[in-house]
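Take a look at the structure set out below.
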Amino acid sequence: TGEVEEIIGGEKAVKIDFSIKSIIESISSSGLQYEELLVKRFAFSLMTKPFVILSGLAGSGKTQLALAFAKALIQDRSQLCTVSVGADWTNREPLLGYPNALDSSKYVRPESGVLDLLIEANKPTNSGKPYFLILDEMNMSYVERYFADFLSAMESHEPIKLWSGADGDNVPSSVKLPRNLYIIGTI
């Protein structure tokens, strides 16, 4: 596959051609064994809608497939964020953080790295790069509690509102789910 340059939003972005054959080879060379058809179905599902949930028995390789697939496409580790969903997640804070109640000029970033991934994926210079968010064991908590903002943004194509404060700690007031973000959940 070759690389092509593309002008997006007035800035150059590198766009990498997609090759299912190279993805299958990369996954296979990592030592994982999956049927080619499974990898193709997974890839084409993500291309159709960039949010896929893998379901299966514990230890069947759901997370490993997601990781191997993402690693075959990314250029560096900053394009991948893997988060284990906690049983105690009752709101969006573990994914998106929250405004600091004691200092209205600050925003508390989540330790998960999800907000940082979203901010990076939204940069015009990164629009040609794929970014992956892997939510491992999504069923450990009620999805509608911690993931509602994401689901709404996927359907409405509207940004997720974060806060009304100034640009403290480089956190915008809202963040979009960009077209180059792929979310993979496991249950």
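The figures that follow rest on heavy atoms only: side chains count, while hydrogens, waters and symmetry mates do not.
No side-chain heavy atom of K129 sits under 4.5 Å from any side-chain heavy atom of L73. Using a 4.5 Å heavy-atom threshold, the side chains of L117 and L181 count as touching. Within the 4.5 Å cutoff, no side-chain heavy atoms of P99 are placed close to those of V108. Residues N122 and P178 meet the side-chain proximity criterion, which asks for heavy atoms closer than 4.5 Å. In this structure, T90 and Y146 have side chains that are not in contact, with every pair of non-hydrogen atoms separated by 4.5 Å or more. Using a 4.5 Å heavy-atom threshold, the side chains of L115 and L162 count as touching.
Scanning both residues, L96 and Y107, for their nearest heavy atoms gives O-OH, 2.7 Å. When all heavy atoms are compared, the tightest approach of A153 to E158 is CB-O, 3.4 Å. The heavy-atom pair separating Q64 from L32 by the smallest distance is O-CD1, 3.7 Å. The two residues Y34 and G61 have their closest heavy-atom pair at OH-O, 2.6 Å. In terms of heavy-atom proximity, S22 sits nearest to S19 at OG-O, 2.8 Å.
Checked by atom type and distance alone, the side chain of W163 never pairs as donor or acceptor with a backbone atom of N100 at under 3.5 Å. Side chain of S152 to main chain of D149: no donor-acceptor pair is present (N/O by atom type, distance under 3.5 Å, no hydrogens or angles). K71 places no side-chain N or O within 3.5 Å of a backbone atom of S30 that could act as its donor or acceptor partner. A donor-acceptor pair is defined here as one N or O able to donate and one able to accept, closer than 3.5 Å; such a pair exists between the side chain of S141 and the backbone of W89. For the pair S28 (side chain) and I24 (backbone), a donor-acceptor distance under 3.5 Å is absent.
For residues 174-187, the set of pairs meeting the side chain to side chain donor-acceptor pair (under 3.5 Å) definition, not counting sequence neighbours, comprises D136-T186. The ring-ring contact (aromatic ring centres under 6.0 Å, His included) contacts involving residues 46-78 comprise F42-F69, F51-F147, where partners must be two or more places apart or lie in separate chains. Listed by first then second residue, pairs satisfying salt bridge (Lys or Arg N to Asp or Glu O under 4.0 Å) with a partner in residues 22-42 number zero, not counting sequence neighbours.
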For residues 76-88, dump all side-chain donor-acceptor pairs below 3.5 Å to protein atoms at least two apart in sequence or in another chain.
residue: D76; atom: OD1; partner: S78; partner atom: N; Å: 2.9
residue: D76; atom: OD1; partner: S78; partner atom: OG; Å: 2.2
residue: Q79; atom: OE1; partner: Q75; partner atom: N; Å: 2.8
residue: Q79; atom: OE1; partner: D76; partner atom: N; Å: 3.1
residue: Q79; atom: NE2; partner: P130; partner atom: O; Å: 2.7

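The distance from atom CD1 of I160 to atom CG of L118, rounded to the nearest 0.5 Å, is 6.5 Å. For the atom pair CD1 (I183) and CG (L135), the distance works out to 7.0 Å, reported to the nearest 0.5 Å.
In the hydrophobic cluster analysis, where Ile, Leu, Val, Met, Phe, Trp and Tyr join through side-chain heavy atoms closer than 4.5 angstrom, M138 is grouped apart from Y142. Neither L38 nor L57 shares a network with the other; the hydrophobic side chains, linked directly or stepwise wherever heavy atoms of I, L, V, M, F, W or Y lie under 4.5 Å apart, form separate groups for each.
Surrounding CE of M140 are at most 12 heavy atoms belonging to other residues, nucleotides or ligands under 6.0 Å away. The number of heavy-atom neighbours closer than 6.0 Å to CD of E111, taken from other residues, nucleotides and ligands shown, is 12 or below.
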Item checked: side chain to side chain contact (heavy atoms under 4.5 Å, CB included) between V39 and I27, worked out -> CA-CA 9 Å; V39 177; I27 291 172; 3.9 Å; yes

Next item on the list: Could you give me the CA-CA distance, side-chain angles and deciding distance for L95 and F150, then say whether side chain to side chain contact (heavy atoms under 4.5 Å, CB included) is met?
Entry: CA-CA 10 Å; L95 298 175; F150 285 81; 3.8 Å; yes

Checklist line | Steps toward side chain to side chain contact (heavy atoms under 4.5 Å, CB included) verdict (L65, L54) | finding: CA-CA 9 Å; L65 174 59; L54 300 173; 4.3 Å; yes

Next item on the list: Give the C-alpha distance, both sets of side-chain angles, the deciding distance and a yes or no for side chain to side chain contact (heavy atoms under 4.5 Å, CB included) between N170 and R109.
Entry: CA-CA 10 Å; N170 297 317; R109 291 174 180 259; 3.9 Å; yes

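Listed by chain and number, the residues in a salt bridge (charged side-chain N to carboxylate O under 4.0 Å, His left out) with E155 are K49 (sequence neighbours excluded). Taking E137 as the reference, nothing meets the salt bridge (charged side-chain N to carboxylate O under 4.0 Å, His left out) condition, with sequence neighbours excluded.
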